[in-house]
Amino acid sequence: MTSALLTDLAAPDAAASPPFMSMRNITKRFPGVVALDDVSFDVHVGQVHGLVGENGAGKSTLVKIMSGIYTEYEGSMLMEGKPVAFENTREAIDSGVAMIHQELNLVPELSVFENIVLGREIKTRLGTIDRGAMRKAAQALMSRLGLDIDTNRTIDRLRVSQRQLVEIAKALSLDTRVIVMDEPTSALSDSEVEYLFGVVRGLREHHVAVIYISHRLDEVYAIADLVTVLRDGRVVGSGLAGKLPRRELISMMVGRDLDVLYPKEPVEPGEEVLRVEGLTYMQGRKHVLDDVSVTVRQGEIVGVAGLMGAGRTQLLEAIFGAYPPESLRGNIMLDGQRVVFDSPQDAIARGLGLVAEDRKLQSLVLERSVSENTTLASLRQFMNGLRIINQRAEKQAVSRIVDDLSIKTPTIDTMVASLSGGNQQKVVIGKFLLTDIALFLLDEPTRGIDVGAKAEIYQLVGQLAQNGTAFLLVSSEMPELLAVCDRICVLCDGRLTGEFERDAFDQEAIMEAATRFSDKPSDSLVAGA
């Protein structure tokens with residue numbers, strides 16, 4: 001398992017060597033859509049190849065062909081100069097191509113070690129499963145990778161970031177020559193991202209090719225040797241990461257020049273909407289929130305910075321009524337009046353909206369339509385006295401939201417699961433615009449969406465702020481917080497450790513406040529996730 005990680009080998013000259021894998025003139029069609037149009041793409045061992053583009057650009061389609069998920073396409077694929085055509089993912093894996101999916105591909109009910117060896121179980125001489133040997137092999141892999149994760153624990157007992165690391169370890173356990181990483185850091189803390197980059201650099205040095213897909217351009221520039229840009233299913237540019245200006249890269253991705261990615265319109269804050277005083281929340285004996293106080297005024301965008309595990313999500317959820325009132329101490333005041341929410345429904349009735357961190361699990365019903373998702377929080381206003389939905393009124397309201405937010409969907413009856421991440425997020429926001437919204441709680445609102453969609457989301461936030469809507473915004477993207485916020489509050493280990501006005505924003509000071517207790521175990525590689 002991943003013995004190459006420990007072997008002292010010299011890195012090959014990727015530019016001088018022939019490609020290990022070549023995609024030639026790849027075209028992939030779906031009903032009514034050309035997802036890839038005459039795309040050629042080379043993969044060299046010892047090279048990290050960044051693959052970027054907006055949602056729907058064709059990135060995932062290309063790597064799904066490469067990894068044997070899609071088997072019908074036009075064009076050809078070569079490995080070490082020889083034609084190949086994978087019939088399934090097992091053939092791709094056996095040929096040395098492994099993929100770490102954006103949507104984790106783990107079995108929640110099985111243990112860590114069972115997931116790592118799934119499909120490659122070790123057996124005794126009698127043909128029975130050798131659980132002890134499998135556990136030992138998985139633990140040895142974890143030790144080599146420096147991951148402090150109990151391999152006996154089931155996946156459903158791990159945090160999202162821990163599951164992501166298990167997925168990475170599983171891919172690295174294969175005899176892999178090409179690893180595709182599709183948004184691998186979406187659930188990782190900063191320290192875990194740095195660790196992952198160390199693993200990627202080690203792979204590069206030991207004759208493994210890495211295809212790195214990410215919407216986080218800072219990561220692409222930090223880790224990639226070469227960058228290829230897809231737009232509308234075509235390759236629109238490729239070049240060395242160190243010689244490709246960020247502005248030019250963004251322009252290629254979105255097809256237009258973005259003078260300011262996140263424009264900030266000046267707003268004069270109005271009356272106080274939210275006041276949180278001494279909010280404390282405990283899980284067992286642990287202080288998740290410890291005496292936190294925050295205020296937000298009309299038209300104001302207040303950011304919440306901090307490392308993963310700092311209590312940012314719990315702050316928003318506590319305000320939104322997600323926890324039993326008896327589990328909280330302190331005061332939550334709206335428009336000067338103390339409120340106690342027994343449920344999120346009570347919070348919505350008082351004009352609060354929460355865009356949750358995991359929109360697919362917490363904010364959307366994926367198997368329902370755009371229309372049904374958009375009216376989830378306001379369904380009662382479309383009912384008559386007999387509790388029958390006025391479908392005409394509902395359709396008109398949803399169509400207005402779709403037009404106002406420029407949601408790209410074939411019809412309002414389209415399943416929301418089929419939309420891009422950015423358009424799904426617009427549906428979540430639109431859901432609350434049909435209510436009398438006064439305060440938006442946004443938890444990582446641009447996670448997993450492309451650069452163009454991020455700009456659209458924050459343009460919408462700015463417009464709503466201009467109209468007096470208040471925002472409490474959690475983001476792990478420091479450039480976004482610095483660009484769009486009027487104030488930034490910083491949490492560390494459940495405590496408020498800093499507050500900065502816009503004219504005093506200082507990235508180093510904010511990071512110092514976010515890591516003030518970084519010597520504690522809660523900020524370790526895995527435990528702090």
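- Applying the ring-ring contact (aromatic ring centres under 6.0 Å, His included) test to pairs two or more places apart or on separate chains, none has a residue in residues 390-418.
- Separation of atoms CG (L158) and CZ (R153) is listed at 6.0 Å; rounding is to 0.5 Å.
- For the atom pair I223 CD1 and R216 CZ, the distance stands at 14.5 Å (nearest 0.5 Å).
- Contact detail for A483 and K264: the closest heavy-atom pair is O-CB, 3.4 Å.
- The heavy-atom pair separating L481 from F505 by the smallest distance is O-CE1, 4.1 Å.
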All N/O donor-acceptor pairs, side-chain side in residues 415-444, below 3.5 Å, sequence neighbours left out:
residue: S418; atom: OG; partner: M415; partner atom: O; Å: 2.8
residue: S420; atom: OG; partner: N423; partner atom: N; Å: 3.4
residue: S420; atom: OG; partner: N423; partner atom: ND2; Å: 2.9
residue: N423; atom: OD1; partner: K408; partner atom: N; Å: 2.8
residue: Q424; atom: OE1; partner: R359; partner atom: NE; Å: 3.3
residue: Q424; atom: NE2; partner: V416; partner atom: O; Å: 3.1
residue: Q424; atom: NE2; partner: L419; partner atom: O; Å: 3.4
residue: Q425; atom: NE2; partner: P445; partner atom: O; Å: 2.6
residue: K426; atom: NZ; partner: L405; partner atom: O; Å: 3.2
residue: K426; atom: NZ; partner: S406; partner atom: O; Å: 3.2
residue: K426; atom: NZ; partner: E456; partner atom: OE1; Å: 2.6
residue: K431; atom: NZ; partner: S363; partner atom: O; Å: 2.8
residue: T435; atom: OG1; partner: F432; partner atom: O; Å: 2.5
residue: D443; atom: OD2; partner: T313; partner atom: OG1; Å: 2.8
residue: E444; atom: OE1; partner: S476; partner atom: N; Å: 3.1
residue: E444; atom: OE2; partner: S476; partner atom: N; Å: 3.1
residue: E444; atom: OE2; partner: S476; partner atom: OG; Å: 2.5

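- Among residue pairs with one or both ends in residues 286-316, none qualify as ring-ring contact (aromatic ring centres under 6.0 Å, His included); sequence neighbours excluded.
- Closest heavy-atom contact between R312 and L307: NE-O, 3.8 Å.
- Residues E394 and T374 fail the side-chain proximity criterion, which asks for heavy atoms closer than 4.5 Å.
- Counting only distance, with no hydrogens or angles, the side chain of S251 and the backbone of R247 share no donor-acceptor pair below 3.5 Å.
- With sequence neighbours left out, the side-chain contact (heavy atoms from CB on, under 4.5 Å) criterion links E372 to R368, S369.
- Residues K59 and I213 come closest through the heavy atom pair CE-CG2, 3.6 Å.
- The side-chain hydrogen bond (donor to acceptor under 3.5 Å, both in side chains) search around E272 returns R275, not counting sequence neighbours.
- Residues satisfying the ring pair (Phe, Tyr, Trp, His ring centres under 6.0 Å) test with F382, not counting sequence neighbours, are none.
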> Do I100 and D182 pass the side-chain contact (heavy atoms from CB on, under 4.5 Å) test, and can you show the C-alpha distance, the side-chain angles, and the key distance before you say yes or no?
Replying inline: CA-CA 6 Å; I100 301 171; D182 190 358; over 6 Å; no
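- Taking the six-membered ring where tryptophan is involved, the planes of F197 and Y212 are perpendicular, since the angle between them exceeds 60° and thus also 30°.
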> S399 and I412: side-chain contact (heavy atoms from CB on, under 4.5 Å), yes or no, with the steps?
Replying inline: CA-CA 7 Å; S399 296; I412 63 174; 4.1 Å; yes
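- With respect to R234 and D232, no salt bridge is recorded, no charged nitrogen being found less than 4.0 Å from a carboxylate O.
- Counting heavy atoms from C-beta on, the side chains of R502 and R487 never come closer than 4.5 Å.
- The environment of Q391 atom CD is sparse: at most 12 non-hydrogen atoms of other residues, nucleotides or ligands sit within 6.0 angstrom.
- Counting non-hydrogen atoms of neighbouring residues, nucleotides and ligands closer than 6.0 angstrom, the CD atom of E268 reaches no more than 12 such neighbours.
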N/O donor to acceptor pairs below 3.5 angstrom from side-chain atoms of residues 461-468, sequence neighbours left out:
residue: Q466; atom: NE2; partner: P266; partner atom: O; Å: 3.1
residue: N467; atom: ND2; partner: Q463; partner atom: O; Å: 3.3

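- Atoms CE and CG, on M252 and L230 in that order, are 11.0 Å from each other to the nearest 0.5 Å.
- In this structure a side-chain-to-backbone donor-acceptor pair under 3.5 Å is present from Q362 to D358.
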> Between L279 and R329, is a side-chain contact (heavy atoms from CB on, under 4.5 Å) present by the stated rule, with each step listed?
Replying inline: CA-CA 6 Å; L279 186 61; R329 295 202 307 269; over 6 Å; no
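- Counting heavy atoms from C-beta on, the side chains of I389 and T375 never come closer than 4.5 Å.
- Residues meeting the side-chain contact (heavy atoms from CB on, under 4.5 Å) test with V107, sequence neighbours left out: E109, L110, N115, L118.
- Not counting sequence neighbours, the partners of Y70 by the ring pair (Phe, Tyr, Trp, His ring centres under 6.0 Å) test are F30.
- Residues L249 and Y221 meet the side-chain proximity criterion, which asks for heavy atoms closer than 4.5 Å.
- Residue T414 holds its OG1 atom at 12.0 Å from CG of N373, rounded to the nearest 0.5 Å.
- Between A241 and A224, the closest heavy-atom pair is CB-O, 3.4 Å.
- A distance-only check finds no donor-acceptor pair linking the side chain of Y458 to the backbone of E480 [under 3.5 Å].
- Contact check for K454 versus E477: side-chain heavy atoms found under the 4.5 Å cut-off.
- By the 4.5 Å heavy-atom criterion applied to side chains, L217 and R246 are counted as neighbours.
- Taking all atoms of both residues into account, the shortest heavy-atom contact from G53 to M253 is N-CE, 3.8 Å.
- Under the ring-ring contact (aromatic ring centres under 6.0 Å, His included) criterion, no residue pair touches residues 391-418, with sequence neighbours excluded.
- With contacts defined as side-chain heavy-atom distances shorter than 4.5 Å, the pair I332/E277 does not qualify.
- One finds no salt bridge joining D413 and K395 here, because no Lys/Arg side-chain nitrogen approaches an Asp/Glu carboxylate oxygen to under 4.0 Å.
- Remark: Q283 CD to Y323 OH distance equals 6.5 Å, nearest 0.5 Å.
- Residues that satisfy the side-chain contact (heavy atoms from CB on, under 4.5 Å) test with S293, not counting sequence neighbours, are absent from this structure.
- Using a 4.5 Å heavy-atom cutoff, the side chains of P344 and L354 are not in contact.
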> Run the side-chain contact (heavy atoms from CB on, under 4.5 Å) check on V304 and L473 step by step: do they pass?
Replying inline: CA-CA 6 Å; V304 182; L473 165 64; over 6 Å; no
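- To the nearest 0.5 Å, atoms CD1 (I488) and CZ (F500) are separated by 8.0 Å.
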For residues 334-343, which side-chain N or O atoms pair as donor and acceptor with protein atoms under 3.5 Å away, sequence neighbours left out?
residue: R338; atom: NE; partner: N331; partner atom: OD1; Å: 2.6
residue: S343; atom: OG; partner: Q345; partner atom: N; Å: 3.4
residue: S343; atom: OG; partner: D346; partner atom: N; Å: 3.4

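- Comment: E271 does not engage R297 in a salt bridge, judged by the lack of any side-chain N to carboxylate O separation of less than 4.0 angstrom.
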